[in-house]
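Structure in structure tokens, see below.
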Amino acid sequence: MNMILPSAAATTVRHPNGIATLAAGDGPVAVVLLHGIGGGKAGWPAQLDALAAAGYRAVAWDMPGYGDSAMIAPYDFAGLAEALVPVLEAEHAAGRRVVLVGHSMGGMVAQEAYARAPQAIAGMLLSGTSPAFGKADGQWQQGFIAARTAPLDAGKTMAEMAAGLVRGMVAPNADADAVAFATSVMAAVPPATYRAALHALVQFNRRDELPRIAVPVLALAGEHDANAAPAVMQRMAERIPGAEYQCLPDVGHLACMERPVAFNDAMLGFLRRRFPLSPAA
């Protein structure tokens with residue numbers, strides 16, 4: 001069973017710009033966890049605990065408009081990256097290096113933040129994401145938005161939508177408790193935030209920036225991920241100098257919640273190789 005319980009060690013931190021985070025551990029490397037469109041800081045309990053136990057500092061944010069974080073306007077990647085800055089600055093002020101772990105849309109936020117402030121980021125793990133979503137006014141992109149907002153337009157709640165959406169994103173044999181957990185996290189997303197995030201998502205394009213990424217990167221795919229297919233992530237990794245690529249078996253799009261042990265093993269392996277806590281590590 002993959003029963004996931006709330007992290008007992010994490011504490012809430014509220015930043016001056018209205019962003020809320022959960023933090024655990026006090027190591028010299030801060031691992032900042034950036035969730036996807038159906039997530040929130042509550043979606044990372046297994047990672048918060050594993051990172052803190054391994055000696056790292058773990059920080060999970062609520063993206064603007066999610067959970068306890070204030071909304072922003074306009075809602076775009078420039079604003080999301082700007083909202084992340086105080087979180088990174090707080091860790092730098094404590095003398096820590098920062099590694100971003102971005103899942104799905106969070107992986108796009110990570111790429112945007114690196115493009116704007118590369119000096120603030122020591123490394124990235126990009127999970128179930130891509131370097132671009134296409135053209136904001138493209139037919140496929142508009143259809144993508146329409147298909148995901150139609151149930152809201154018809155009067156459904158996020159809780160009513162979440163079960164079907166999550167079931168379509170996980171692997172066929174995903175653990176029932178993990179699916180229920182991911183569903184509960186997505187059900188808590190405010191409808192207005194979900195709509196705003198969808199419209200931001202289809203505008204993202206940092207494909208041309210990939211060759212300029214000059215920090216250690218792990219591109220982490222899921223075997224059954226239909227949203228960010230392994231082939232897409234492998235091609236992305238090939239365009240980033242020195243990037244590593246790994247594909248997790250029996251995993252769909254929600255790796256960190258579906259298979260937290262496998263995700264954590266990959267994450268900690270990357271961190272220990274590239275960001276050891278001591279010269280002897």
Side-chain angles (χ1 to χ4, degrees), residues 7 23-36 39 43-61 84 87-88 91 96-111 113-114 118 120-131 206 209-223 225 228 230-281:
S7 172
D26 196 32
V29 177
V31 182
V32 179
L33 305 164
L34 309 173
H35 63 82
W44 300 95
Q47 289 70 45
L48 287 162
D49 289 342
L51 287 163
Y56 292 89
R57 164 84 164 171
V59 180
W61 87 328
L84 183 60
V87 178
L88 307 185
E91 299 307 318
R96 300 185 181 100
R97 291 184 294 164
V98 171
V99 177
L100 302 183
V101 173
H103 168 248
S104 193
M105 187 172 179
M108 297 175 182
V109 174
Q111 293 173 70
Y114 182 83
I121 298 159
M124 294 187 287
L125 187 159
L126 303 175
S127 169
T129 192
S130 68
R206 283 290 181 182
E209 301 294 326
L210 295 180
R212 290 189 276 275
I213 295 176
V215 296
V217 172
L218 171 62
L220 188 61
E223 178 187 10
D225 190 343
V232 171
M233 294 214 66
Q234 186 168 16
R235 287 196 299 270
M236 179 172 68
E238 290 169 353
R239 296 196 63 202
I240 300 171
E244 302 176 36
Y245 168 76
Q246 184 175 348
C247 183
L248 298 177
D250 299 320
V251 170
H253 186 59
L254 306 178
C256 56
M257 292 184 275
E258 280 183 69
R259 303 281 185 185
V261 173
F263 183 93
N264 291 350
D265 284 347
M267 175 179 66
L268 289 171
F270 171 67
L271 291 170
R272 286 166 176 152
R273 286 191 303 277
R274 308 307 296 268
F275 302 95
L277 297 176
S278 69

L248 and A262 have their tightest heavy-atom pair at CD2-O, 4.1 Å
| request: For residues A255 and S127, report the shortest heavy-atom separation together with the two atoms involved. | output: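 For A255 versus S127, the nearest heavy atoms are CB-OG, 4.5 Å.
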- Any donor-acceptor N/O pair, E244 side chain to P216 backbone, under 3.5 Å: no
* Taking the side chain as C-beta and beyond, is there a heavy-atom pair between L51 and N264 under 4.5 Å? ->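 Not touching, per the 4.5 Å side-chain cut-off.
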Quiz prompt | H35 and S104, any side-chain heavy atoms less than 4.5 Å apart | solution =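 Contact flag for S104/H35 side chains = no.
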Could you check whether any side-chain N or O of E223 sits under 3.5 Å from a backbone N or O of V251, counting only pairs where one atom can act as donor and the other as acceptor? no
* Asked: Do the side chain of E258 and the main chain of G252 share a donor and acceptor less than 3.5 angstrom apart?
  ->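 Yes, E258 side chain to G252 backbone: donor-acceptor pair under 3.5 Å.
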Under 3.5 Å: donor-acceptor pair, side chain of Q47, backbone of C256:
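Yes, because the side chain of Q47 sits within donor-acceptor range (under 3.5 Å) of the backbone of C256.
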Separation between CZ (R206) and CE (M236), nearest 0.5 Å, reads 14.5 Å
- prompt: Closest heavy-atom contact between A120 and V98?
  reply: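 Result for this residue pair: O-CB, 3.8 Å.
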- Task: Using the side-chain contact (heavy atoms from CB on, under 4.5 Å) rule, take R274 and V99 through it: C-alpha gap first, then chi angles, then the decisive distance, then the call.
- Result: CA-CA 10 Å; R274 308 307 296 268; V99 177; over 6 Å; no
Is there a side-chain contact between V101 and F263 (heavy atoms, below 4.5 Å)? yes
Query - Side chains of V32 and I121 in contact at under 4.5 Å (non-hydrogen atoms) - result: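 The answer is no; the side chains never approach within 4.5 Å.
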Minimal heavy-atom distance between D225 and G128, with the atoms involved, is OD2-CA, 3.6 Å
Taken to the nearest 0.5 Å, the spacing of E91 CD from R97 CZ works out to 13.5 Å
Between A228 and M233, the two heavy atoms sitting closest are O-CG, 4.0 Å
Taking the side chain as C-beta and beyond, is there a heavy-atom pair between L277 and P28 under 4.5 Å?
->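 Yes, side chains in contact.
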**Pair L88-L100, side-chain contact (heavy atoms from CB on, under 4.5 Å): steps then yes or no** = CA-CA 10 Å; L88 307 185; L100 302 183; 3.9 Å; yes
Requested in this report: Side-chain contact test, heavy atoms from C-beta onward, threshold under 4.5 Å: evaluate it for L220 versus M267 and give yes or no.
Outcome: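 With C-beta onward as the side chain, the pair stays apart.
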CG of D265 to CZ of R259, rounded to nearest 0.5 Å, is 13.0 Å
- Item | Stepwise side-chain contact (heavy atoms from CB on, under 4.5 Å) test for W44 and V31 | CA-CA 12 Å; W44 300 95; V31 182; over 6 Å; no
* To do: Classify the angle between the aromatic ring planes of H253 and H103 as parallel (below 30°), tilted (30 to 60°) or perpendicular (above 60°).
  => tilted
May I ask you to test the L33-L48 pair for a side-chain heavy-atom distance under 4.5 Å?
yes
CE (M124) and CG (L34) are apart, to the nearest 0.5 Å, by 10.5 Å
Notebook entry, point to check: Counting distance only, does the side-chain N/O of R57 pair as donor-acceptor with the main-chain N or O of D26 below 3.5 Å?
Noted result: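 Such a contact is absent between R57 side chain and D26 backbone.
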Quiz item: Is there a donor-acceptor pair closer than 3.5 Å between any side-chain N or O of R96 and the backbone N or O of G27?
Solution: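 At least one qualifying donor-acceptor pair exists.
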Inter-residue atom distance Y114.OH - L126.CG, 0.5 Å rounding: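 One gets 11.5 Å once the value is rounded to the nearest 0.5 Å.
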So, taking the atom named CZ in R239 and the one named CZ in R212, what distance separates them when rounded to the nearest 0.5 Å?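 Atom-to-atom, R239:CZ and R212:CZ are 9.0 Å apart.
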Can you tell me if R273 uses its side chain to pair, donor with acceptor, with the backbone of G269 under 3.5 Å?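 Yes.
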Residues L218 and A266: closest non-hydrogen pair is CD2-O, 3.9 Å
Is a donor on one side and an acceptor on the other found under 3.5 Å between the side chain of Y245 and the backbone of A221?
no
